[in-house]
Structures are given as C-alpha cells and as structure tokens.
Number of protein chains: 2
Amino acid sequence: MTHDTVPVAHRELERGNGVALWRQIQAVLEHDLRSGYVAAGEKLPTERQLAQRFGVNRHTVRQALAELARKELIVVEQGRGAFARRDKLDYALARRVRFSENLLRQSRIPSERLLGSDKVQAGRRAAEALQVLPATMLLRLRTVGNADGRPLCCTTHYFPYGRFAGFAAVYGQLHSVTAAFRALGVADYVRTSTRITSRMPDAAEVRALGLARQTPVLVVESVNADGAGTPVEYGVCVWAADRIQFVIDAA
Amino acid sequence: MTHDTVPVAHRELERGNGVALWRQIQAVLEHDLRSGYVAAGEKLPTERQLAQRFGVNRHTVRQALAELARKELIVVEQGRGAFARRDKLDYALARRVRFSENLLRQSRIPSERLLGSDKVQAGRRAAEALQVLPATMLLRLRTVGNADGRPLCCTTHYFPYGRFAGFAAVYGQLHSVTAAFRALGVADYVRTSTRITSRMPDAAEVRALGLARQTPVLVVESVNADGAGTPVEYGVCVWAADRIQFVIDAA
DNA sequence: GATAATTTGTTCGTATGTATC
DNA sequence: TGATACATACGAACAAATTAT
C-alpha cells in the first residue's frame, strides 16, 4: 500500500467520546444501507476490508455487523459475506391469485419456465382436491417462477388430463398459467383452497431456488376452480422463504 | 435376556422371496404406524433394538427407516431417535380467527399462558397496523399457545394502551384473548390483515416451542379490528412449522 | 473431483475503560 | 479510595463454509 492510500477513514471514527467504536461503525454502515448507497442484495466489503478502512480490529467490525444483522438490515452468510437485505415480496393471496399480476404490482418482472410435463395417476391428495377418483389420469407440469430473473418458486401443477391434455404445449408457448387457461377456454379461475406450511428444503430445491444456507421454504398447496366451480388445477408450490411474504387482506 | 424372550419376530420376515428385507421391515413398521399401534409423536425403538427384533443388520433397518422418513411417516433426529409423525394441525385463517375454536375443531385441547406484559412505544409497523402515531403508548403482551399441553406458538400482542390498559390483568384471569376482549367491551373482532412468512428460529424460540433441529418457524403478523373497523390488536405470532398448516378456504 | 484461497464463525487470552458499591 | 463487575477493544489461532483454480 502506497503512502497516499494510507487509511484516512480514521476520521470517520472518534475514540473515547463516549460512543463505542462498533456503534459508530454501525451508524456509518446503517446510513450507507438506508440511503441506498449500498443497493438491496449487494455484498458489503469483507470484514477484513472494513476493519482496515475503519482502522480497527475485525472483532469490532463484527460487533457492528451483528447489530445490523439483528436489525435485519443485512444477512451474513458464512464463507460468502454480508449482504444488504433484500425486501421480501408481498404476494397477495386473494380470491384470484395471479403470479404475474402479483409481481408487477410490486414492480418486479415476472417470468415462468416449464421444466417438464408428464401424465400420472392421481394420488390421494390430488384426487381429493380435483374431485376425481383416485388413479384418474392427470397432467403434471413442473414450472419455475422468477422475479427479476431470479427463481422464486417451484410449482408442481396437476390438471385433469381429459380436459387439459393440451396444457403443456400451450404453456410452453405462453409461459403463463393464466394465459394457457384462457387459451383452453377457462376465461377465469378462482382460488378455492390454500394450505400453507413450512419446512427445510431438499438439495434439489436448494439448487433450483438458489437458497442460502438455513433458509426454509414455504409450501403452498392450492386448488383453483373455473367459473362453474369445477376444480381445474391442484398445485404444490415451494417458495424461497427469504424472498416472500404472503398477504391476506380483508376485502 | 432370558430364553423365552429370544426374538421370535424373525417369522415376520421371509428371506429370498423377491421382497428385500428392508422392504418387509418397512411394511411392518408402516402398518404399526398407520394402524395407530404407534401413536403420533411416539418414539420408535432404537435402530439397534429393531435390528435385533428383526434379526437383521442395523443398516437394513436404517434403509427401512429412511423410506419411512421419505414418506413422511416418521421423522428421524440425530442423537434422539425416530418418531412417528405428528399430524399437522389445520389452522383456519378466516374472517374470524379464534385460537381455541380452531384447536377444538381439530380435537385438540387449547390453552394459553401469559409470559409477561409491559408498556412500550409503538414502533413503525405497530403504529401503522393500529393506525396510531409512532411513539403512541401500547400495551405489549407475550403469550404462549398450547395444543394438548404442548407449546404451539409464541405471540407478541400490541394493544392501544389508552383503551386496553386493563387487558393484561383480565387476560391473566381468563387466559383467552377473545374472552378478555369481550370482558373489555369488544364483543366481536375480525381479522383485517394477515402476513405470513418463514425463517429459522432463534435459540429462545427453539426452547420455548421445544423445536426439533432444523425446524423452521412460520411467522404471522396480523391485525384485528372491532365491529366499527377500528384496529384493536396487532400481533406477531411464531408457530412451530412442523406442527401447523394454515388453511384458507373460499367462503 | 481435488485443492487452495477466501471469508465468516468461534474460542482462547490480554488489556483497558466505565459504572457501581 | 479500593474492589468489583461489565463492556469494549485488540490479537492470535483455528474451524467451517464457500468459491475459484
């Protein structure tokens, strides 16, 4: 390090003025975060770099970071670094639930991708949800939903095969459940049942959703019905819990 | 071990009949679980005991247990053992959300306990939810809700202090939010907003809820309003995710 | 796939400043 | 003034996780 790059940042800190160094560091970083100088999701400098910049020990920086993490302004990941917290997306669970609309309302760019499709026999849950006999043939679709190009949820959809045999092909073109339904004559559909719980993801889900360690997933089982009240879709959707918050507002 | 208790259970298994031993063991255990011979939440014998009972190697038992875990009939916890899966409680999120009613409908015995109460200034979220100015004084209650005597959720309630200063005392007598509200003149209240997400619990929550390792919590932020539409309660409730499933049914 | 480098996490120990009795 | 407890700050070493090569 040359002479003119010798840390000048000491001046940001004042020792022995009654405010602990880590508190002062926290305040500086908090300002950077709240002002947007550090964007949401952006990586902060490493602890070593911060320690050098402020001319203090790494422990002192760590105490400041711990406080910021406690206030949920950053998330710290071992081996990776500290990241400015990304706001959770508000996902409205109302009578009509539409992926694209929900994301656009939050100024996020939605996109969907088809992972694959096949024909399967209805299991107990699917049969009950779709009000068909067990072992009825169903079309199964696996899709991924993205927000701003980042994976947000993985869904397994089930449709009565008889009525929606062409769904996969149409979906492959339109990349939207809503649009595909419309193309197949279901102008409107409403949510009739929603079940929500949470668990830890398996390895495949960690990969598919790009989850950080120790991040749980929210699991949503849902049933949608057409205008006549006939179930048209049963779905199980796995959401990255650190990126989503479900909102139920009274009408 | 005396002679007459020597394992007779070998007869449960048949070697070289085209069904792997671990499959047969799995079938036996699955029957015990499904028939209710092993109650929900009950601990299974240790792998050693099972291996002895079936006269097989411990690895063979492990393969059977792994399959049962995959089918979510048991949960295996390192260092503790394998436990018959406890059914998740269906907790209805409707216009009216009542803890006791929800549990009784599922044939569980509800109980609530007051952990403590104090007077605090409203933070940003609480003020917004209760439609009061920030720094308005609020009554804060911390409670635990149990199902069949087992902790299910920890709630932090906020009430406008002016109107509900006596809530803690009344709650301490009645052990029910609904009953306490009624005693204070709020005959009915309805849920106006619900937000659901999930995260990993902190150490205190693990202790309070008796959570197994790697079990996330569901976090529910809610607002309740009285008949006139005035917010009366803002609450943040932390639920053991392995014991609960939220259900939203169309009316 | 294996290895090395980077980064955060944890645990020692030591020293100093501050508040309290 | 002394004794004590507690928070602050620094240093070194190692563990654990991730990333790059």
Side-chain angles (χ1 to χ4, degrees), chain A residues 1-2 5-34 37-88 144 146 148-152 154 198-217 238-243, chain B residues 76-80 198-207 211-217:
Chain A
M1 184 176 280
T2 60
T5 60
V6 156
V8 292
H10 292 195
R11 290 176 206 146
E12 292 187 64
L13 268 47
E14 206 177 331
R15 300 172 102 99
N17 71 342
V19 180
L21 289 180
W22 68 268
R23 275 285 177 206
Q24 299 182 50
I25 294 169
Q26 180 220 314
V28 171
L29 295 178
E30 184 163 341
H31 178 265
D32 286 353
L33 289 162
R34 290 202 189 273
Y37 180 72
V38 179
E42 197 176 322
K43 188 178 178 301
L44 271 65
T46 68
E47 294 175 353
R48 272 178 63 95
Q49 290 171 329
L50 287 172
Q52 185 150 31
R53 165 177 159 200
F54 289 111
V56 299
N57 189 276
R58 187 162 77 96
H59 287 300
T60 312
V61 169
R62 281 179 62 75
Q63 200 156 357
L65 292 178
E67 180 64 11
L68 291 170
R70 200 194 58 77
K71 292 176 87 170
E72 298 195 336
L73 284 164
I74 62 171
V75 279
V76 185
E77 291 178 41
Q78 183 171 7
R80 301 230 305 138
F83 300 83
R85 186 174 161 279
R86 218 180 272 278
D87 275 343
K88 283 190 187 184
V144 178
N146 305 292
D148 299 333
R150 245 172 89 81
L152 181 63
C154 296
S198 169
R199 59 168 168 79
M200 293 310 285
D202 61 32
E205 290 163 342
V206 168
R207 222 177 319 111
L209 295 171
L211 294 171
R213 285 184 58 74
Q214 294 293 85
T215 303
V217 289
V238 176
W239 300 78
D242 59 346
R243 286 167 229 163
Chain B
V76 183
E77 290 179 42
Q78 188 169 16
R80 296 228 305 135
S198 169
R199 58 169 170 76
M200 293 310 285
D202 63 30
E205 290 163 341
V206 169
R207 223 176 318 110
L211 293 171
R213 283 175 55 77
Q214 295 292 86
T215 303
V217 289

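What's counted below: heavy atoms across the whole structure, side chains too, no hydrogens, waters or symmetry copies. Please read all numbers here as calculations on a predicted model, not as lab measurements.
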- Flag the pair Glu205(B) and Arg199(B) as a salt bridge only when some basic side-chain nitrogen lies within less than 4.0 angstrom of an acidic carboxylate oxygen. yes
- Note on the structure: Listed range with range, the stems formed with DNA chain D by at least 3 consecutive Watson-Crick or G-U pairs (under 3.5 Å) are C:2-21 with D:2-21
- Query: What is the distance from atom CG of Asp242(A) to atom OG1 of Thr215(A), rounded to the nearest 0.5 Å?
  - Reply: 4.5 Å
- Message: Donor-acceptor check, side chain of Glu72(A) to backbone of Arg85(A), threshold 3.5 angstrom: yes or no?
- Response: no
- Query: Just by protein heavy atoms under 4.0 Å, how would nucleotides 8-19 of chain C read 5' to 3' in B, S and -?
  - Reply: BBBB--------
- Item | Nearest heavy atoms of Leu13(A) and Gln24(A), plus distance in Å | CA-OE1, 3.5 Å
- Mind checking whether Arg62(A) and Leu50(A) have side chains closer than 4.5 Å, heavy atoms only? no
- Message: With rounding to the nearest 0.5 angstrom, report the CG to CG distance, Leu33(A) to Leu44(A).
- Response: 5.5 Å
- Task: Output the distance between atom CG (Asn57(A)) and atom CH2 (Trp22(A)), rounded to the nearest 0.5 Å.
- Result: 15.5 Å
- Run the side-chain contact (heavy atoms from CB on, under 4.5 Å) check on Phe54(A) and Thr60(A) step by step: do they pass? CA-CA 10 Å; Phe54(A) 289 111; Thr60(A) 312; over 6 Å; no
- Query: Where the side chain of Arg80(A) meets the backbone of Lys43(A), is there a donor-acceptor pair that is under 3.5 Å apart?
  - Reply: no
- Atom pair CD1 (Ile74(A)) and CD (Glu30(A)), whose distance is rounded to the nearest 0.5 Å: 10.5 Å
- Message: Once you apply a heavy-atom cut-off of 4.0 Å, does Arg23(A) come out as touching a base, just sugar-phosphate, or nothing?
- Response: nothing
- Contact interval (first through last nucleotide) of DNA chain D with protein chain A, 4.0 Å heavy-atom: dT8(D) to dT19(D)
